Structure formats: C-alpha cells, structure tokens
Participant: 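I am attaching a structure below and will ask some questions about it afterwards.
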Amino acid sequence: MMRLNSDEMARRVAQDIPDGAYVNLGIGMPTSVANHVSDDRLVIYHSENGILGVGPAPAPDQVDPDLINAGKQYVTLLQGGCYFDNAESFAMMRGGHLDIAVLGAFQVSERGDLANWATNDDTFPPAVGGAMDLAVGAKQLFVLMRHTTKANEPKILNQCHYPLTGAGVVKRIYTDLAVIDVTEEGLRVRELYGDNTLADVQALTEARLLPPL
Amino acid sequence: MIVMNKTCESLRAAVADIADGSVVMIGGFGNSGIPLQLIEALRQHGARDLTIISNNAGVAEIGIASLLKAGQVRKIVCSFPRSSGSIWFERLYEAGDIELELVPQGTLGERIRAAGAGLGGVYTPTGYGTRLAEGKETKVINGKGFVLETALPADVALIKAHRADVWGNLIYNTAGRNFNPIMATAATTTIAEVSDVVSAGELDPECIVTPGIFVDRVVTQEASRHDAA
C-alpha cells in the first residue's frame, strides 16, 4: 500500500490550486501547501487575522511582531497585499469570496460533514477559531488529512462521531492514500496513489466508496 | 470652544474607573495588536470578577494570562482559548474556576460589530447544525440555514493602535488591527494604547481606520513613566 508523507500530501493539494486563486490554508499541515505551489502561479493567501497576500516567513532581522498568520507564525506581505479588520476578514469567508479553503480534519462523513474542532473528551478545553466560518463560506472546501487515525481506525465515516464543524461542507478529501470527491451520489474516488486499489482504500474507510469515473 | 484632546497622561488613570464585574473587551490576535500595557495597568488596578471578551485566552504569564493568574477573571468569551502555552487558562478551566463561552471567530466579530452598530444581532450560517448553535434560534432564509447570534457589547474596550491624533482617530500597524477597530465601536468606554499621539490634522483622513467618535481615551506606551513617578 502506498502512503504519501505529509510533504507529498501537501504537494498533491498544491497541484489543484489554480493560478489567480484566493486561498485560505488552515493551521498545521494545510499551511505547508503554500510551499509546494509552483512559482509560475500567483496565489493570494488570506489569513483570518486580516491579511490578503500573505508572503513567506521574514528574515530574522525583518520581523514585524504584529505581522503573523493564523498559526501565529511571523510572515511577510506580498507586493499588492493588504490588511483589514476581523469583520472584513470573515466577510470574505462567509460571503463566499474565497475560492478555496484547505483544512485538516478529525473526521469527514460521506455527506461531507466536517469534524475538526473538538473531540468527545470534555476535560480538554475546546477551541474553534475560524474553522466554522471557513467551512460554511469558502467556495470549495478541501480537507487534507491522513486516511486513518494513529490507531489505524477510519476517519472517513458514515457519520462523524465528534462534534461537527459544518454539515455537508466538504468538497474533496486529500489523504495519504487517495483523493476522494464528495458528490451527490456519495464519495467517489478521484485518484488512487501508486498501485493502491479501491478495495485497499475501502478496507480503511467506513463509508462506501464509489469507483473512479 | 472646547479643545478636544483625548490623551490620558497615565496608564493608571486610563483604567482607574474600571469597576469590579465589568465586561472588558481586549483587542489582539495572539500577541499581534494586543494592548499589553493597558492589560498590565488593569492587573495593577485590581478590578475583579471580570468578563473578558478576546479572541484568545493568553499564553505564558503575560497579557490576558496575567489577569487569569491574578484571579481577576470570572468568565472569558473567545474563539480560541487553547494555544501552545495557554497554561493559566487550562489550569483554571480544568479546575472549573473559569466560565468559557466559546464563539466561532467570525461570529465573535459579528456580535461585536452588531453591538457597535446598534443591531440586536445577526443571522449567520456559521455553526448551523453544530453544537455551538444548540439552544439558539435558527431560520431558513432562501433555502439556507442561519443561526441568530445576539449583539455582544462591553463596558470597556482596551485596544491597541499604532498612532492616534488628539481627537482619537486611529491608524494601525500591519495585521495588528484584527479585532481592535470593531471593539472600539462596541464598548461604553474605549481606551486605546498607541505608540504616539499627534495633533489633529496630522493623520491622513483617507487612511484613518477608526474614527475618533469611537474612542474615549488614548494613552501612549510612554505614559508608564508617569505611573512610575
């Protein structure tokens, strides 16, 4: 079975980010997608704290302590970028102005329900941030996650067991095994990596998978 | 004719009338655009039983975490309380010593904006069908589900801007504006910490982000010298 590493997973998503897109990358693995978008494409990254045109990390002597991304890492601003307040930033999300959002997930259901902000462990304080706003607002929501948990349990389920971030919001799932589209008919495999077969991937997926068209 | 000058000479004086039990908004996203010196003045002032409205709940022992550590906070309203290093929030939460109202970040912003704009609330699609919408009124508008989120006003907003003029007009530094401009509109008393204060007319009116009508006091970071004296 071929399993991509996190760099390869991020690179695969980057191939599907079109030239000229406005994109929000969630914290964690999704943030690294930006490192793999080819230099011949202009992608304008949105950061929820109020930036359009997020650039790479600054040189250590060029740090502006106020200029951070959603993951609180220091960033720069591209030529042509701009700043705005929280309300305007989230208007961009909810108002359907962002072309693509890439988020991590704990679980995704066959209807495209997303669970990525809380588990069922109530002793652990919850934190939601901007995930619910991105989930309902981006024109296309891509999930980037490992196909299974560390214990090799499926994360693509008939129904999410964890609290939902949004219902019916996921458009496509990129895992370390395959790319899967959420469609009206159900979950349709778009691409299998290496010599992975539909049966291999189905065995690690609770929800029913439809074969590639 | 009055000479308008909203400059406050000391950080201590700027926060002196914050009462026990107040609802206090604090601007910032992580440590970006956060009014650290006003927070320190509030800590020293010692008001207790506070409700804090802010995106995060502080890390290490500075900023909002210093108010948590000092036991001054009864409740926190925020979107992302748990961060790497948010030890004081986690400690109080696990002990049941702080109430948490968790609000999606965009909803937090819209509730604040609604309060500042005189609205009772907003219908947002965010959170519809999730645990964070439980118990709230919902409405289907043009086939899409929305949740009614009510306005979130405050007694005091502590905000951080880059520069003020004496009329209280504000400009910001890079991504440091985040929640500051909307919080400025939503509190009975808005206090802005700035790097410097200039005369009326010195800020380009095309570039002013927060109009002075929303700002009651401006205090420079230099003002701590007065407090030490």
Side-chain angles (χ1 to χ4, degrees), chain A residues 27 47-52 54 63-77 81-96 113-115 117-118 120 122-137 160 162-169, chain B residues 27-34 55-57 59 78-84 86 89-90 92-94 98 100 102-110 112-114 116 124-133 144-145 160 162 172-185 209-210:
Chain A
I27 58 179
S47 188
E48 65 183 13
N49 50 316
I51 311 170
L52 264 183
V54 178
V63 165
D64 172 346
D66 288 328
L67 189 44
I68 60 173
N69 63 15
K72 279 110 179 160
Q73 299 157 312
Y74 296 122
V75 294
T76 51
L77 187 74
C82 62
Y83 305 114
F84 34 85
D85 69 35
N86 165 276
E88 209 165 2
S89 181
F90 280 76
M92 292 174 195
M93 294 187 191
R94 283 187 315 261
D113 297 344
L114 170 68
W117 69 279
N120 293 323
D122 285 338
T123 59
F124 196 56
V128 65
M132 287 191 179
D133 302 279
L134 269 178
V136 300
C160 296
Y162 290 159
L164 293 190
T165 307
V169 291
Chain B
F29 182 95
N31 283 331
S32 166
I34 192 166
N55 190 57
N56 304 102
V59 294
C78 74
S79 90
F80 210 82
R82 191 188 70 233
S83 309
S84 170
S86 56
F89 169 75
E90 288 169 43
L92 294 175
Y93 184 84
E94 279 157 27
I98 192 164
L100 169 67
L102 189 75
V103 184
Q105 193 179 154
T107 300
L108 182 63
E110 271 318 284
I112 293 166
R113 199 192 59 77
T124 177
T126 303
Y128 185 82
T130 77
R131 181 190 280 184
L132 295 188
K144 185 170 175 178
K160 168 79 185 298
H162 175 53
Y172 295 85
N173 177 57
T174 67
R177 69 178 76 173
N178 53 63
F179 283 86
N180 291 298
I182 54 172
M183 287 181 172
T185 70
V209 175
T210 296

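Predicted, not measured: the structure shown is a model, and the values here were computed from it. Residue numbers start from 1 in every chain, and the chains themselves are labelled A, B, ... in the order their sequence lines are given, proteins ahead of strands.
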Participant: To the nearest 0.5 Å, how far apart are NZ in Lys72(A) and CZ in Phe29(B)?
Facilitator: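 Interatomic distance, Lys72(A) NZ to Phe29(B) CZ, rounded to 0.5 Å: 4.0 Å.
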
Participant: Can you tell which of Gly33(B), Pro104(B), Ser84(B), Gly30(B) has the highest number of heavy-atom pairs within less than 4.5 Å of chain A?
Facilitator: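 Winner by heavy-atom pair count: Pro104(B).
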
Participant: Checking side-chain contact (heavy atoms from CB on, under 4.5 Å) for the pair Leu77(A)/Thr174(B): CA distance, chi angles, key distance, verdict?
Facilitator: CA-CA 9 Å; Leu77(A) 187 74; Thr174(B) 67; over 6 Å; no

Participant: Measure across Pro126(A) and Pro81(B) and return the closest heavy-atom pair with its distance rounded to 0.1 Å.
Facilitator: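 It is O-CG, 3.3 Å.
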
Participant: To check you understand the geometry: which heavy-atom pair defines the closest contact between Ala175(B) and Leu67(A), and what is its length?
Facilitator: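 Minimum heavy-atom separation between Ala175(B) and Leu67(A): CB-CD1, 4.2 Å.
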
Participant: Identify the residues of residues 83-90 of chain A whose heavy atoms come closer than 4.5 Å to a heavy atom of chain B, ordered by number, or report 'none'.
Facilitator: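 Hits under 4.5 Å: Tyr83(A), Phe84(A), Asp85(A), Asn86(A), Ala87(A), Phe90(A).
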
Participant: Contact part of Val103(B) toward chain A, heavy-atom cut-off under 4.5 Å: side chain, backbone, both or neither?
Facilitator: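 It is the backbone, since no side chain atom gets that close.
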
Participant: With a 4.5 angstrom heavy-atom cut-off, which part of Asn56(B) approaches chain A: side chain, backbone, both or neither?
Facilitator: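 Interface part for Asn56(B): side chain.
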
Participant: Among all residues two or more places apart in sequence or in another chain, which pass the side-chain hydrogen bond (donor to acceptor under 3.5 Å, both in side chains) test with Ser47(A)?
Facilitator: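 For Ser47(A), the residues satisfying side-chain hydrogen bond (donor to acceptor under 3.5 Å, both in side chains) (neighbours in sequence not counted) are Asn49(A).
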
Participant: Name all residues meeting the salt bridge (charged side-chain N to carboxylate O under 4.0 Å, His left out) criterion together with Asp113(A); count only those two or more places apart in sequence or in a different chain, and write none if there are none.
Facilitator: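 Applying salt bridge (charged side-chain N to carboxylate O under 4.0 Å, His left out) to Asp113(A) gives Arg111(A).
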
Participant: First locate atom CD of Glu48(A), then atom CG of Asn55(B), and finally report the distance between them rounded to the nearest 0.5 Å.
Facilitator: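 If I round to the nearest 0.5 Å, the distance is 7.0 Å.
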
Participant: So which part of Arg113(B) gets closer than 4.5 Å to some heavy atom of chain A, the side chain, the backbone, both or neither?
Facilitator: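 Contact with chain A is through the side chain of Arg113(B) alone.
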
Participant: Which heavy atom of Met132(A) sits nearest a heavy atom of Gly127(B), and at what distance?
Facilitator: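 Here Met132(A) and Gly127(B) meet closest at SD-CA, 3.7 Å.
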
Participant: Please collect all salt bridge (Lys or Arg N to Asp or Glu O under 4.0 Å) contacts where either partner lies in residues 123-133 of chain A, sequence neighbours excluded, each pair once.
Facilitator: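 Only Arg94(A)-Asp133(A) qualify under salt bridge (Lys or Arg N to Asp or Glu O under 4.0 Å).
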
Participant: Could you tell me which portion of Pro163(A) (side chain, backbone, both or neither) has an atom closer than 4.5 angstrom to a non-hydrogen atom of chain B?
Facilitator: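 For Pro163(A), the side chain is the part near chain B, not the backbone.
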
Participant: Using a cut-off of under 4.5 Å on heavy-atom pairs, state which of Ile51(A), Ile68(A), Asp64(A) scores highest against chain B.
Facilitator: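 It is Asp64(A).
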
Participant: First locate atom NE2 of His162(B), then atom CG of Asp66(A), and finally report the distance between them rounded to the nearest 0.5 Å.
Facilitator: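 Interatomic distance, His162(B) NE2 to Asp66(A) CG, rounded to 0.5 Å: 9.5 Å.
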
Participant: Between Thr124(B) and chain A, which part of the residue has a heavy atom less than 4.5 Å away: side chain, backbone, both or neither?
Facilitator: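 Interface part for Thr124(B): side chain.
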
Participant: Less than 4.5 Å to any heavy atom of chain A: does that hold for the side chain of Tyr172(B), its backbone, both, or neither?
Facilitator: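 Contact with chain A: none, neither part.
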
Participant: Between Glu90(B) and Pro125(A), which heavy-atom pair has the shortest distance, and what is it?
Facilitator: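 Nearest heavy atoms, Glu90(B) then Pro125(A): CG-CG, 4.1 Å.
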
